[in-house]
Participant: 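Sharing a structure here in structure tokens format.
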Amino acid sequence: MLLSAPEFTTGRSTQAVPGHNRWHPELPAVAELISGGSVRMDCEAARAGTEAVLCGPLSVLGAEPGDVIVVDVLGVGRADGHYAGGAHPGVLGCAPAATALGIADPEPEGALLGHVRPGLDAYPRIAARALRSAARGQEIGRCDVARLTAGSRILLPVHVPGAKLSVGDLHFPERGAPDCRPDGPAGWIDIRVNLTKRGIERFRVTSPLLMPDPDQVA
């Protein structure tokens, strides 16, 4: 069952997209972005104890395995306009390579695969080996790893053509509280993406590199 659809906003165009709670290199991209472009990604509410439903995947034109994409967080806010404080995403990353997928599960439950919907021929095959959203989130960064607030930069190795970037599981602190709640309302994140060709070879970026806003680091 799909929840309320996330959205992309690029310039004056807004596009509703289905969310996904699994990672797989064959999930179709829902939008394209050129290097240097920015996008607003509207994300579903985070619910404690449930798998994060991510907005994406976003294809970066020209990105190929071996490249690196540089993601700058421009802003994070609540959809209802209330206080957002040190809001940040809990999951932000690129699609994994096929070699990183899990062992096939013949009866996957609760898999949301974006445009690959139940009933399509590809759904059982992709759902069986897709990684849960939290599996990649632990690699990229969660609440207790890094606060990817506005001003943060994330370097992500590219494993598949287009990179297929997704984000979600937004967290928001209560006013006056230093930490974020495990669940929260729907919200948006503005990011800018730049492509670095052969970044893995040139800069030895072999795993996600997190650069939190220095003003937010204790």
Participant: Around atom CZ of Arg78, are there more than 12 heavy atoms of other residues, nucleotides or ligands at under 6.0 Å?
Facilitator: yes

Participant: Please tell me whether Phe172 and Tyr83 are part of a single hydrophobic cluster in this structure, the criterion being side-chain heavy atoms less than 4.5 Å apart.
Facilitator: no

Participant: Show your working on side-chain contact (heavy atoms from CB on, under 4.5 Å) between Trp188 and Cys43 and close with a plain yes or no.
Facilitator: CA-CA 6 Å; Trp188 52 266; Cys43 303; over 6 Å; no

Participant: So do the side chains of Leu113 and His24 get within less than 4.5 Å of each other, counting heavy atoms only?
Facilitator: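 In short, these two side chains do not touch, never coming nearer than 4.5 Å.
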
Participant: Mind checking the OG1-NE2 spacing from Thr149 to His171? Nearest 0.5 Å is all I need.
Facilitator: 13.5 Å

Participant: Rounded to the nearest 0.5 Å, how far does CZ of Arg153 lie from CG of Asn194?
Facilitator: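 It comes to 7.5 Å.
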
Participant: Any side-chain heavy atom of Val68 within less than 4.5 Å of one from Ile200?
Facilitator: yes

Participant: Would you say Val160 ends up clustered with Leu101 if hydrophobic residues are merged whenever their side chains have heavy atoms under 4.5 Å apart, either directly or through other cluster members?
Facilitator: no

Participant: Taking all non-hydrogen atoms of both residues into account, name the closest pair between Pro208 and Pro157 and its distance.
Facilitator: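 Closest approach of Pro208 to Pro157: N-CD, 3.9 Å.
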
Participant: Do Val73 and Ile154 come close enough that some side-chain heavy atom pair is under 4.5 Å?
Facilitator: yes

Participant: To the closest 0.5 Å, what do you measure between CZ (Arg125) and CG (Leu120)?
Facilitator: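 If we round to the nearest 0.5 Å, Arg125:CZ and Leu120:CG are 11.5 Å apart.
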
Participant: Please examine the side chains of Leu165 and Leu92, heavy atoms only from C-beta on, and report whether any two atoms are closer than 4.5 Å.
Facilitator: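 Yes; the side chains approach each other to less than 4.5 Å.
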
Participant: Answer with yes or no whether the hydrophobic clustering places Leu61 together with Val193; edges join I, L, V, M, F, W, Y residues whose side-chain heavy atoms lie under 4.5 Å apart.
Facilitator: no

Participant: What I'd like to find out is whether the side chain of Pro161 reaches to under 4.5 Å of the side chain of Glu64, using heavy atoms alone.
Facilitator: yes

Participant: Is there a side-chain contact (heavy atoms from CB on, under 4.5 Å) between Met211 and Leu155 once you walk through the steps?
Facilitator: CA-CA 8 Å; Met211 302 178 184; Leu155 277 62; 3.9 Å; yes

Participant: Should Leu74 and Val167 be counted in the same cluster of Ile, Leu, Val, Met, Phe, Trp and Tyr side chains packed under 4.5 Å apart?
Facilitator: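 No; tracing contacts between hydrophobic side chains, which count when under 4.5 Å, never links both residues.
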
Participant: Which distance, rounded to the nearest 0.5 Å, do you find between the CG of Asp67 and the NE2 of His159?
Facilitator: 11.5 Å

Participant: Do you know which two heavy atoms are closest between Trp23 and Pro96, and how far apart they sit?
Facilitator: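 That would be CB-CD, 3.7 Å.
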
Participant: Honestly curious: do Leu195 and Leu156 fall in one hydrophobic cluster under the side-chain, below-4.5 Å linking rule?
Facilitator: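 In one cluster: yes.
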
Participant: Strictly by modelled atom types, are His20 and Ser166 linked by a side-chain donor-acceptor pair under 3.5 Å?
Facilitator: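 Yes - a donor-acceptor pair under 3.5 Å links their side chains.
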
Participant: Could you check Ile191 against Val39 for side-chain contact (heavy atoms from CB on, under 4.5 Å), going step by step and ending with a plain yes or no?
Facilitator: CA-CA 6 Å; Ile191 59 173; Val39 61; 3.6 Å; yes

Participant: With a 4.5 Å heavy-atom cut-off, do Glu51 and Arg22 have their side chains touching?
Facilitator: yes

Participant: Just wondering, are more than 12 heavy atoms of other shown residues or ligands nearer than 6.0 Å to CZ in Arg129?
Facilitator: yes

Participant: Can you see which heavy atom on Val53 is nearest to which on Gly19, and at what distance?
Facilitator: CG1-CA, 3.8 Å

Participant: Are Pro18 and His115 packed together at the side-chain level, in the sense that at least one heavy-atom pair is separated by less than 4.5 angstrom?
Facilitator: yes

Participant: Where is the tightest heavy-atom contact between Val116 and Pro28, given as atom of each residue plus distance?
Facilitator: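 In terms of heavy atoms, the two residues are closest at CG2-CD, 3.5 Å.
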
Participant: Where do Ala52 and Asn21 come nearest, in terms of heavy atoms and distance?
Facilitator: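 Taking every non-hydrogen atom into account, O-CB, 3.3 Å.
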
Participant: Do other residues, nucleotides or ligands put more than 12 heavy atoms under 6.0 Å from the CG atom of Asp121?
Facilitator: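 No.
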
Participant: Heavy atoms only: give me the nearest Asp169-Ala46 pair and the separation to one decimal.
Facilitator: OD1-CB, 3.3 Å

